[in-house]
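Worksheet: the structure to be examined is printed underneath.
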Amino acid sequence: MSARDRLADGLYGAGWATVKKLPEPAAVRLGRTVADVAWKQRGAGVRRLEGNYARVVPGASPERLAALSRAGMRSYLRYWMESFRLPAWSTERIKGGFAPKDLHHLTDGMDAGKGVILALPHLANWDLAGAWVTTKLGIPFTTVAERLKPETLYDRFVAYREGLGMEVLPHSGGTAFGTLARRLRDGGLVCLVADRDLSASGVEVDFFGETARMPAGPALLAQQTGALLLPVTLWYDDSPVMQGRVHPAVEVPESGTRAEKTSVMTQALADAFATGIADHPEDWHMLQRLWLKDLDPAKVPGARERGAR
């Protein structure tokens with residue numbers, strides 16, 4: 001393990017060990033302080049966040065974008081403070097920590113025994129939403145995690161999420177899709193963060209007026225298993241309770257090839273994500289490049305072929 005990897009693993013380990021022991025008001029203050037320091041330093045992540053917000057809020061002044069990025073960093077650090085503390089939260093604190101609207105889309109789908117896919121963007125705290133589902137609703141679910149480096153850090157994240165009641169599959173290795181499909185055919189629940197995919201299998205979508213790529217998995221799983229595909233958006237307000245909405249199901253088109261159906265369904269997901277992000281841009285934690293125009297063409301699968309065409 002490199003020195004950088006050891007440092008990353010040590011910092012996350014210290015965060016989980018220390019922050020979860022703090023009183024909640026102290027953790028909130030710490031998160032805001034760290035966020036403000038990072039925002040003032042204007043590192044690459046903060047600058048990228050502002051660049052992404054510029055597409056979400058077209059015509060925003062530099063002052064507006066700066067205010068958004070500051071609020072965005074505070075929201076992002078709230079996510080981390082909550083995530084570090086979630087293993088120490090009581091059952092009642094988790095049950096009272098999330099208030100989703102239109103939950104009937106999920107519960108009706110589960111009652112029908114068809115299997116349900118919840119697809120979320122990087123909004124607010126998806127880990128808290130997952131813990132609420134397993135604790136408040138008593139519904140276990142399966143999700144996928146990207147393999148992080150170092151491996152010890154990935155193991156920390158897997159253990160953390162499994163401790164919240166989730167079944168976690170590695171993104172790499174080629175077996176995740178089959179396992180997810182089996183869970184859905186058995187009437188289970190699958191939850192996937194689905195607003196960024198730069199792989200060769202990513203589906204191009206129109207997102208805030210420009211082209212981005214999002215994963216094909218949610219749409220393909222819905223087609224192959226008959227499961228409901230439900231977009232979910234999350235946001236924070238001024239209270240300690242996270243808010244959210246379960247959107248109506250994305251329907252499988254009646255005609256078209258599998259690729260055509262996947263494209264239509266993924267675009268519908270992108271449109272649902274865009275409504276939630278536009279309403280609460282400061283809670284969208286996208287500190288990476290997303291739109292194809294922002295990416296190095298040499299690193300975007302299929303870019304050269306599209307350019308040649």
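These values consider heavy atoms only, across backbone and side chains, with no hydrogens, waters or symmetry-generated copies.
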Residues at least two apart in sequence or cross-chain that pass ring-ring contact (aromatic ring centres under 6.0 Å, His included) with Trp235, listed by chain then number, are His280
Val19 and Val37: same hydrophobic cluster, using ILVMFWY side-chain contacts below 4.5 Å?
no
Heavy atoms, side chains only, cut-off 4.5 Å: are Thr175 and Leu169 in contact?
no
Heavy-atom pair with the smallest gap, counting every atom of Ala71 and Glu282:
CB-CB, 3.7 Å
Separation between NZ (Lys261) and CD (Glu254), nearest 0.5 Å, reads 9.0 Å
Please indicate whether Lys40 has more than 12 foreign heavy atoms, meaning atoms of other residues, nucleotides or ligands, lying under 6.0 Å from its NZ.
no
Hey, are Arg78 and Asp283 close enough for a salt bridge, meaning a charged N less than 4.0 Å from a carboxylate O?
no
Identify the two heavy atoms, one from Val203 and one from Ala216, that lie closest to each other, and give their separation to 0.1 Å.
CG2-CB, 3.6 Å
Could you report the tightest heavy-atom contact between Pro215 and Asp197, atom names first, then the distance?
CA-OD2, 3.2 Å
Of all residues at least two apart in sequence or in a different chain, which pass the salt bridge (charged side-chain N to carboxylate O under 4.0 Å, His left out) check with Arg42?
Glu50
Val34 side chain reached by Trp80 side chain, heavy atoms, under 4.5 Å
no
Please test Met166 against Asp127 for side-chain contact (heavy atoms from CB on, under 4.5 Å), starting from the C-alpha separation and ending with a verdict.
CA-CA 10 Å; Met166 312 174 192; Asp127 285 330; 4.3 Å; yes
Any donor-acceptor N/O pair, Thr33 side chain to Arg29 backbone, under 3.5 Å:
yes
When rounded to the nearest 0.5 Å, the distance separating CG of Leu118 from CG of Leu106 is 5.5 Å
Is there a side-chain contact between Gln223 and Thr262 (heavy atoms, below 4.5 Å)?
yes
Is there a donor-acceptor pair under 3.5 Å between the side chain of Asn52 and the backbone N or O of Met286?
yes
Treat each ILVMFWY residue as a node, draw an edge where side-chain heavy atoms are under 4.5 Å apart, and state whether Tyr79 and Leu22 are in one component.
yes
Asp294 with Arg55: basic N within carboxylate O range, under 4.0 Å:
yes
Where Leu287 and Leu49 come nearest, the two heavy atoms and their spacing
CD1-CD1, 3.9 Å
Which pair of heavy atoms, one from Met242 and one from Ala129, lies closest together, and at what distance?
CE-N, 3.8 Å
Enclosure of Arg48 CZ (heavy-atom neighbours >12, cutoff 6.0 Å):
yes
Measuring from atom CG of Leu228 to atom CG of Asp108, what distance do you get when rounded to the nearest 0.5 angstrom?
9.5 Å
Pairs flagged by ring pair (Phe, Tyr, Trp, His ring centres under 6.0 Å) wherever residues 32-56 is involved - sequence neighbours left out:
none
Establish whether Val28 and Val241 are linked, either directly or via other cluster members, by ILVMFWY side-chain heavy-atom contacts under 4.5 Å.
no
Of the non-hydrogen atoms in Ala119 and Ala194, which two are nearest, and what is the gap between them?
CB-CB, 4.2 Å
Can you list the residues that meet the ring-ring contact (aromatic ring centres under 6.0 Å, His included) rule with His122, with sequence neighbours excluded?
Trp126
Across all chains, not counting sequence neighbours, the salt bridge (charged side-chain N to carboxylate O under 4.0 Å, His left out) partners of Glu167 are Arg183
Using a 4.5 Å cut-off on heavy atoms from C-beta on, say whether the side chain of Arg74 contacts that of Tyr236.
no
Roughly how far apart are Asp36 CG and Arg70 CZ, rounded to 0.5 Å?
4.5 Å
Evaluate Gln224 against Arg185 for side-chain contact (heavy atoms from CB on, under 4.5 Å), listing each step before the verdict.
CA-CA 9 Å; Gln224 292 195 17; Arg185 291 191 182 102; 4.3 Å; yes
Spell out, as yes or no, whether a donor-acceptor pair under 3.5 Å connects the side chain of Asp237 to the backbone of Ser239.
yes
Does Leu103 belong to the same Ile/Leu/Val/Met/Phe/Trp/Tyr cluster as Met110, with side-chain heavy atoms less than 4.5 Å apart forming each link?
yes
For the side chain of Asp102 and the backbone of Pro248, is there at least one donor-acceptor N/O pair under 3.5 Å apart?
no
Mind running side-chain contact (heavy atoms from CB on, under 4.5 Å) on Met214 and Leu269 for me, showing each step along the way?
CA-CA 9 Å; Met214 294 187 181; Leu269 272 184; 5.7 Å; no
Between the CD1 atom in Ile117 and the CG atom in Leu180, the distance rounded to the nearest 0.5 Å is 8.5 Å
I want to check something: taking the side chain as every heavy atom from C-beta on, are Leu234 and Asn125 in contact at a cut-off of under 4.5 Å?
no
Side-chain contact test, heavy atoms from C-beta onward, threshold under 4.5 Å: evaluate it for Thr18 versus Phe84 and give yes or no.
no
Verify the cluster assignment for Val205 and Val264: are they in a single hydrophobic cluster under the rule of side-chain heavy atoms below 4.5 Å apart?
no
Determine whether Leu77 and Arg32 make a side-chain contact, defined as any pair of heavy atoms from C-beta on separated by less than 4.5 Å.
no
Apply side-chain contact (heavy atoms from CB on, under 4.5 Å) to residues Thr233 and Asp279 and explain how you reach the verdict.
CA-CA 10 Å; Thr233 53; Asp279 288 342; over 6 Å; no
Quick check on side-chain contact (heavy atoms from CB on, under 4.5 Å): which of Ile139, Thr143, Leu137 does Phe141 satisfy it with?
Thr143
Rounded distance [0.5 Å steps], OG in Ser69 versus CZ in Arg64
10.5 Å
Trp132: which residues meet the ring-ring contact (aromatic ring centres under 6.0 Å, His included) condition with it, sequence neighbours left out?
Phe98
Less than 4.5 Å apart, side chain to side chain, heavy atoms only: is that true for Phe273 and Trp284?
no
